[in-house]
Engineer: 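Here you go, one structure.
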Protein chains: 2
Amino acid sequence: MKVLIVEDDPLHRSYLHEAVNAALPECDTVIEAENGTVGEKLARDHKSAHIVMDLQMASRNGIEAARTIWKERPETRILFWSNYSDEAYVRGVSRIVPDGAAYGYVLKSASDERLKLALRSIFIESQCVIDREVRGLQQKSLGQTNGFTDSEYEILVDIALGLTDRAIAKRRSLSLRSVQNRLQQLYDKLDVYQTAGDDHEDGRFNLRARAVTIAFLRKLLNYSALERAEAELQEWLDGK
Amino acid sequence: MKVLIVEDDPLHRSYLHEAVNAALPECDTVIEAENGTVGEKLARDHKSAHIVMDLQMASRNGIEAARTIWKERPETRILFWSNYSDEAYVRGVSRIVPDGAAYGYVLKSASDERLKLALRSIFIESQCVIDREVRGLQQKSLGQTNGFTDSEYEILVDIALGLTDRAIAKRRSLSLRSVQNRLQQLYDKLDVYQTAGDDHEDGRFNLRARAVTIAFLRKLLNYSALERAEAELQEWLDGK
DNA sequence: CGCCGTCTTGCGTAAACCCGCAGCTTGTCG
DNA sequence: CGACAAGCTGCGGGTTTACGCAAGACGGCG
């Protein structure tokens, strides 16, 4: 059995290497990649079936890399090992995992035991392992309770990118008014009005900009999500 | 000599611990804190004069912690040890370092040698050590060439927070028109127009929102900067 | 001192945004 | 089938933005 480790940080990389050796005696080869780009290449070259992947890398982040890897070989087992459980990450991962694929999401703050257990569960038993904390987010985010619909999230991303209502309408094939409806919905859910100040007179917020800020502060958005969205946007723009 | 290490990640913490021991034989005690809050407390209790500090920690980030520590004891020597050289961080640090204080900014990607050298330079020689890469940013950001004035940065933050023109005017004691002037200046420098699409007809950007996005993508802003700005804003709001 | 560049402010306008109101289309359920 | 909720759309109008134009204010500099 071969395992591919994709991780920015040398310290974490060697820690992972050791953990893999300790948890998986049946593993005879461990390969390492220091960013997503190299990770993709190595995965392709070695036809890796077992990958441990960091999210948040400089050159090409874990979600991007995982997406192309899964596109080529959907049965690949990937364990995401991340510092954060931002909703943006969780949502990003959920969006790309193929049907029935075995994957995991473990936080770096987890204990050695948990990490090793996850390694065995995913790589040997083909079982999904999601950290409790992450799991919570996932439920909340997918269930509509207090969470955001895909369409709401979509429009959030669109205004975060800085599109006008009209542009959004064109992109999503909606009327102007519908876009604005969704925006209101979003403002509602994000409590933009509440923070907008009790006394309306003094200093109001720009709802659109404020919504993005709040989403950032709540980790609904983060740099990586923005980056991905921006790339998609450019793609769309190019495709006329 | 005592050294205080403030760092989230256990792996990095122990790495730092070793590095300090190796580089500073004259250091007899090393204390560790796993976040900014604890870091502040320990610094106070031990009257620490030598600190190695991570930026980007969950509970209270390095900039916040450093600010209060320097406020209490401005001659404290602090070495910032960070993963990133976002302009937002560099600017944040520059803003809080007291006159004549010795401090350093070294990236985690630097070699062992560089780290050890920096430790000795700062703690023994009281000399500032700024990584070349960070230095570059600093120059660019402070010199006006291609960089942003404080007033431009200020207004960038304000719209990122989601304030209206009117609110910004009130906060910064300016007229509405002046605020808008600065905004135009900002839009200019950020190249909002260029990205706004060559064909004006199709889909334009919302300049205000787009500016914030671009700033994020260029690391002029990041989560930590937003968080700090939001806290300041709340403070201002409370103070009527 | 007069000239000039930078910054501030006011006026006015076209566009974009926020949103209440109301008519339509769907899908679901009894 | 009728009722009802949820989403899309157009209309209308009040507010906010973006920005050209132009009149001061302030600070160097020859």
Side-chain angles (χ1 to χ4, degrees), chain A residues 143-145 147-156 158-197 199-214, chain B residues 143-145 147-197 199-215:
Chain A
Q144 58 272 62
T145 334
F148 293 75
T149 323
D150 280 344
S151 67
E152 283 159 357
Y153 190 74
E154 203 172 55
I155 208 169
L156 169 61
D158 283 342
I159 59 169
L161 285 173
L163 294 171
T164 58
D165 291 1
R166 193 191 315 285
I168 299 175
K170 220 164 257 178
R171 186 174 186 200
R172 306 298 182 187
S173 304
L174 288 172
S175 75
L176 228 179
R177 190 59 181 90
S178 292
V179 170
Q180 296 173 334
N181 267 342
R182 292 194 180 179
L183 278 176
Q184 279 182 261
Q185 227 174 312
L186 183 69
Y187 297 157
D188 245 358
K189 285 213 184 171
L190 282 174
D191 266 353
V192 182
Y193 303 103
Q194 188 182 338
T195 54
D199 51 292
H200 56 288
E201 164 54 83
D202 197 23
R204 224 343 169 330
F205 283 110
N206 175 318
L207 297 178
R208 171 178 289 246
R210 187 62 182 166
V212 177
T213 314
I214 293 181
Chain B
Q144 59 271 62
T145 334
F148 293 76
T149 324
D150 280 345
S151 67
E152 283 159 357
Y153 190 75
E154 202 172 57
I155 208 169
L156 169 61
V157 170
D158 283 342
I159 60 171
L161 285 172
L163 294 171
T164 59
D165 291 1
R166 195 191 314 287
I168 300 175
K170 221 165 254 177
R171 185 174 187 201
R172 306 298 182 188
S173 304
L174 289 172
S175 74
L176 225 181
R177 190 59 181 89
S178 293
V179 170
Q180 296 173 333
N181 264 342
R182 293 194 178 179
L183 277 176
Q184 278 183 261
Q185 221 174 317
L186 182 69
Y187 297 157
D188 245 359
K189 285 214 184 171
L190 282 175
D191 265 352
V192 181
Y193 303 103
Q194 188 183 337
T195 55
D199 51 294
H200 54 291
E201 163 56 84
D202 197 25
R204 227 342 170 329
F205 283 109
N206 175 318
L207 297 178
R208 171 179 290 247
R210 185 65 182 165
V212 176
T213 314
I214 293 181

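Chain A is the first sequence line, chain B the second, and so forth, proteins listed ahead of strands; every chain is numbered from 1.
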Engineer: Looking at residues at least two apart in the chain, or sitting in another chain, which of them share a side chain to side chain donor-acceptor pair (under 3.5 Å) with Arg171(A)?
Structural biologist: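 With neighbours one apart ignored, the set is Asp158(A).
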
Engineer: Verify the contact: side-chain N or O of Arg204(A) to OP1 or OP2 of dT16(D), cut-off strictly under 4.0 Å; return yes or no.
Structural biologist: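 So the side chain of Arg204(A) is outside the cut-off, no N or O lying under 4.0 Å from OP1 or OP2 of dT16(D).
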
Engineer: For Gln184(A) and dT9(D), give me the distance from atom CD to atom C1', rounded to whole Å.
Structural biologist: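 So the two atoms are 14 Å apart, to the nearest Å.
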
Engineer: With Arg177(A), which residues qualify under salt bridge (charged side-chain N to carboxylate O under 4.0 Å, His left out), at least two apart?
Structural biologist: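 Checked Arg177(A) against salt bridge (charged side-chain N to carboxylate O under 4.0 Å, His left out); zero matches.
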
Engineer: Nearest whole angstrom, please: distance from the C1' of dA18(D) to the OH of Tyr193(B).
Structural biologist: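 Checked: the OH to C1' distance equals 8 Å.
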
Engineer: Whole angstroms only, please: what is the CG-P distance between Asp165(A) and dG10(D)?
Structural biologist: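 Value for this atom pair: 14 Å.
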
Engineer: With sequence neighbours left out, write down each residue that passes side chain to side chain donor-acceptor pair (under 3.5 Å) with Ser175(A), or none if nothing qualifies.
Structural biologist: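 Scan of Ser175(A) (side chain to side chain donor-acceptor pair (under 3.5 Å), adjacent residues dropped) gives Ser178(A).
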
Engineer: Decide yes or no for Ile159(B) and Ile168(B): does some side-chain heavy atom of the first lie under 4.5 Å from some side-chain heavy atom of the second?
Structural biologist: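 The answer is yes, as the side chains (C-beta and beyond) meet within the 4.5 Å cut-off.
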
Engineer: How do Gln180(A) and Gln185(A) order along DNA chain D: which one's closest nucleotide is nearer the 5' end?
Structural biologist: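 Its nearest nucleotide being more 5', the pick is Gln185(A).
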
Engineer: Reckon Leu176(A) touches a base, only the sugar-phosphate, or nothing at all at heavy-atom distances under 4.0 Å?
Structural biologist: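 Leu176(A): no heavy atom of the nucleic acid under 4.0 Å.
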
Engineer: So among Leu163(A), Val179(A), Asn181(A), Leu174(A), which one has a side-chain contact (heavy atoms from CB on, under 4.5 Å) with Ile155(A)?
Structural biologist: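 Answer to the side-chain contact (heavy atoms from CB on, under 4.5 Å) test with Ile155(A) among Leu163(A), Val179(A), Asn181(A), Leu174(A): Val179(A).
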
Engineer: Within less than 4.0 Å of OP1 or OP2 of dC8(D), is there a side-chain N or O belonging to Ser178(A)?
Structural biologist: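 Answer no for this pair, as no side-chain N or O of Ser178(A) is under 4.0 Å from OP1 or OP2.
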
Engineer: Checking Gln184(A) now: which residues fulfil side chain to side chain donor-acceptor pair (under 3.5 Å) with it, not counting sequence neighbours?
Structural biologist: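 Gln184(A): no side chain to side chain donor-acceptor pair (under 3.5 Å) contacts found.
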
Engineer: Among all residues two or more places apart in sequence or in another chain, which pass the salt bridge (charged side-chain N to carboxylate O under 4.0 Å, His left out) test with Arg208(B)?
Structural biologist: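 Arg208(B) satisfies salt bridge (charged side-chain N to carboxylate O under 4.0 Å, His left out) with Asp165(B) once adjacent residues are dropped.
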
Engineer: Within the pair Arg182(A) and dC8(D), is there a side-chain N or O less than 4.0 Å away from OP1 or OP2?
Structural biologist: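 Yes, Arg182(A) has a side-chain N/O under 4.0 Å of OP1/OP2 on dC8(D).
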
Engineer: Using the test side chain to side chain donor-acceptor pair (under 3.5 Å), find all partners of Asn206(A) that sit at least two apart in sequence or belong to another chain.
Structural biologist: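 With neighbours one apart ignored, the set is empty.
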
Engineer: Can you check the Leu183(A) CG to dG7(D) C1' distance for me, whole Å?
Structural biologist: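 Rounding to the nearest Å, CG of Leu183(A) and C1' of dG7(D) are 15 Å apart.
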
Engineer: Return a single string for nucleotides 21-28 of chain D, one symbol per nucleotide in 5' to 3' order, where B is base contact, S is sugar-phosphate-only contact and - is none, cutoff 4.0 angstrom on heavy atoms.
Structural biologist: B-------

Engineer: Output the residues of residues 152-162 of chain B in contact with DNA chain D, where contact means a heavy atom of the residue under 4.0 Å from an atom of the strand; sort by number or write none.
Structural biologist: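 Hits under 4.0 Å, by residue number: none.
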
Engineer: Answer yes or no: is there a side-chain heavy-atom contact under 4.5 Å between Asp150(B) and Glu154(B)?
Structural biologist: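 Not in contact.
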
Engineer: Between Thr164(B) and Phe205(A), which heavy-atom pair has the shortest distance, and what is it?
Structural biologist: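 So the minimum-distance heavy-atom pair works out to CG2-C, 3.4 Å.
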
Engineer: State, to 0.1 Å, how close Arg182(B) and Ser151(B) come at their nearest heavy-atom pair, and which atoms those are.
Structural biologist: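 So the minimum-distance heavy-atom pair works out to NH1-CB, 3.5 Å.
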
Engineer: Nucleotide range of DNA chain C contacted by chain B, 5' to 3', under 4.0 Å to a heavy atom?
Structural biologist: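 It runs dT8(C) to dC17(C).
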
